[in-house]
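Okay, so here's the structure we're looking at.
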2 protein chains.
Amino acid sequence: MGASKNSIHSNYCIEVAEIAKVFSHPARVAILLYISKEDTCICNDIVSEIGLSQATVSQHLEVINKAGIIRGTFKGNSKCYDINIERFKDLQVLLNSFFATTKANCC
Amino acid sequence: MGASKNSIHSNYCIEVAEIAKVFSHPARVAILLYISKEDTCICNDIVSEIGLSQATVSQHLEVINKAGIIRGTFKGNSKCYDINIERFKDLQVLLNSFFATTKANCC
DNA sequence: ATACATAATCGCAATATTGCAATATTACTA
DNA sequence: TAGTAATATTGCAATATTGCGATTATGTAT
């Protein structure tokens with residue numbers, strides 16, 4: 001089908017999966033690492049760094065943005081992206097709660 | 001395209017993304033939580049619990065298995081799945097290294 | 001207002017993922 | 001060796017994702 005049968009899953013499972021999906025593409029991981037490393041965070045610099053087209057990078061930025069992990073503000077006609085640390089920490093807590101629950105107890 | 005341009009990304013980014021992809025579907029999250037909760041971990045019970053067809057569940061189990069997170073052993077003609085804790089912890093460490101590197105420093 | 005630079009959106013093509021029915025395989029049992 | 005129960009694989013249809021060129025929108029400066 002291509003579409004997940006979300007209705008049969010708990011909200012918790014859906015939420016964990018949605019968070020993980022943000023990090024499930026190497027370009028998005030690279031973008032987040034780049035924004036973290038650089039003091040500038042200019043969108044155009046991200047395009048140069050990542051090696052994908054401007055349109056594609058913009059789409060990946062939108063995915064990360066929709067999850068609330070980054071915020072963009074215009075500086076001149078460039079856009080400057082920054083990590084929303086509070087939100088990012090919240091997502092980490094949720095993922096780590098899932099990790100902590102996952103353990104072996106049989107076989 | 002549908003295919004990731006992996007060649008332009010670092011191995012680290014690809015690895016983080018591949019791990020995240022395992023957890024990026026609610027059924028796989030639900031399967032891991034179920035295996036963790038139950039003492040039995042019988043494949044058939046997972047099918048009943050998750051609410052997807054046997055074929056679909058088997059495919060999700062294969063994705064998790066390929067990542068090395070679970071191991072299956074036959075008990076009778078049923079298969080019993082268990083978490084590979086060592087591997088799971090390794091993946092956690094890698095993801096957490098990525099989380100720790102991601103921080104705000106501009107804008 | 002016009003011109004320029006930069007970023008977002010649209011439309012498309014190619015590939016990936018999800019889901020299931022049908023079939024094949026595996027492990028056990030009589 | 002059949003027969004049965006349980007799991008894996010195959011083949012297919014439907015939807016999602018990825019990527020990019022072209023276009024549109026946004027912001028700045030002259």
Side-chain angles (χ1 to χ4, degrees), chain A residues 1-9 13-14 17-31 34-35 40-67 70-82 107, chain B residues 1-9 13-14 17-31 34-35 40-67 70-82 107:
Chain A
M1 285 274 165
S4 301
K5 261 187 151 184
N6 270 348
S7 57
I8 64 172
H9 302 297
C13 290
I14 293 171
E18 274 175 355
I19 297 169
K21 192 171 277 186
V22 176
F23 308 122
S24 73
H25 193 291
R28 292 196 284 270
V29 173
I31 287 171
Y34 183 75
I35 292 179
T40 49
C41 318
I42 300 298
C43 182
N44 209 347
D45 295 343
I46 300 174
V47 173
S48 312
E49 170 78 10
I50 302 300
L52 292 167
S53 76
Q54 182 265 321
T56 303
V57 170
S58 189
Q59 280 180 332
H60 283 304
L61 282 168
E62 176 57 18
V63 172
I64 305 172
N65 183 58
K66 242 190 246 168
I70 54 174
R71 280 171 301 205
T73 48
F74 273 100
K75 303 266 174 168
N77 32 17
S78 298
K79 204 161 190 179
C80 185
Y81 281 102
D82 196 22
C107 306
Chain B
M1 284 274 160
S4 300
K5 261 186 148 186
N6 270 347
S7 57
I8 65 171
H9 302 296
C13 290
I14 293 170
E18 274 175 355
I19 297 167
K21 191 170 278 185
V22 177
F23 308 122
S24 73
H25 193 291
R28 292 196 285 272
V29 174
I31 287 170
Y34 182 76
I35 293 179
T40 49
C41 319
I42 299 299
C43 181
N44 209 346
D45 295 343
I46 300 175
V47 173
S48 312
E49 170 78 8
I50 301 299
L52 292 167
S53 75
Q54 182 266 320
T56 303
V57 170
S58 188
Q59 280 178 333
H60 283 303
L61 282 167
E62 176 57 18
V63 172
I64 305 172
N65 183 59
K66 241 190 244 167
I70 54 174
R71 279 171 302 205
T73 48
F74 273 99
K75 303 265 173 167
N77 34 16
S78 297
K79 204 161 188 179
C80 185
Y81 280 103
D82 196 23
C107 304

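So you know, we letter chains A, B, ... as the sequences are listed, proteins then strands, and number each from 1.
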Interatomic distance, B:S24 atom OG to B:I19 atom CD1 [nearest 0.5 angstrom]: 12.5 Å
5′-ward residue of the pair A:K75/A:K21 relative to DNA chain D: A:K21
Along DNA chain D (nearest heavy atom to each residue), the more 5'-positioned of A:H60 and A:A3: A:A3
Presence of B:N44 side-chain N/O under 4.0 Å of D:dT7 phosphate oxygens OP1/OP2: yes
Phosphate OP1/OP2 of C:dA8: any A:Y81 side-chain N/O under 4.0 Å: yes
B:T56 side-chain N/O to C:dG19 phosphate OP1/OP2 under 4.0 Å: no
Base C:dA8 paired with A:E62 side chain (donor-acceptor, <3.5 Å): no
Rounded interatomic separation in angstrom, taking NZ from A:K66 and P from D:dT17: 9 Å
Length of the CG-P vector between B:N6 and C:dA16, whole Å: 11 Å
Nearest-neighbour nucleotide for the A:N77 side chain, D:dC20, C:dA5, C:dA21 considered: C:dA5
D:dA8 phosphate, OP1 or OP2, under 4.0 Å from B:K79 side-chain N/O: yes
Nucleotide D:dT15, atom P - distance to NE2 of B:H25 in whole Å: 15 Å
Rounded distance (Å) that lies between atom C1' of D:dT7 and atom CZ of B:R71: 20 Å
Between P of C:dA16 and NZ of B:K5, the distance in whole Å: 15 Å
Any donor-acceptor N/O pair under 3.5 Å between D:dA8 base and B:Q59 side chain: no
A:S53 vs D:dC20: side-chain N/O to OP1/OP2 distance below 4.0 Å: yes
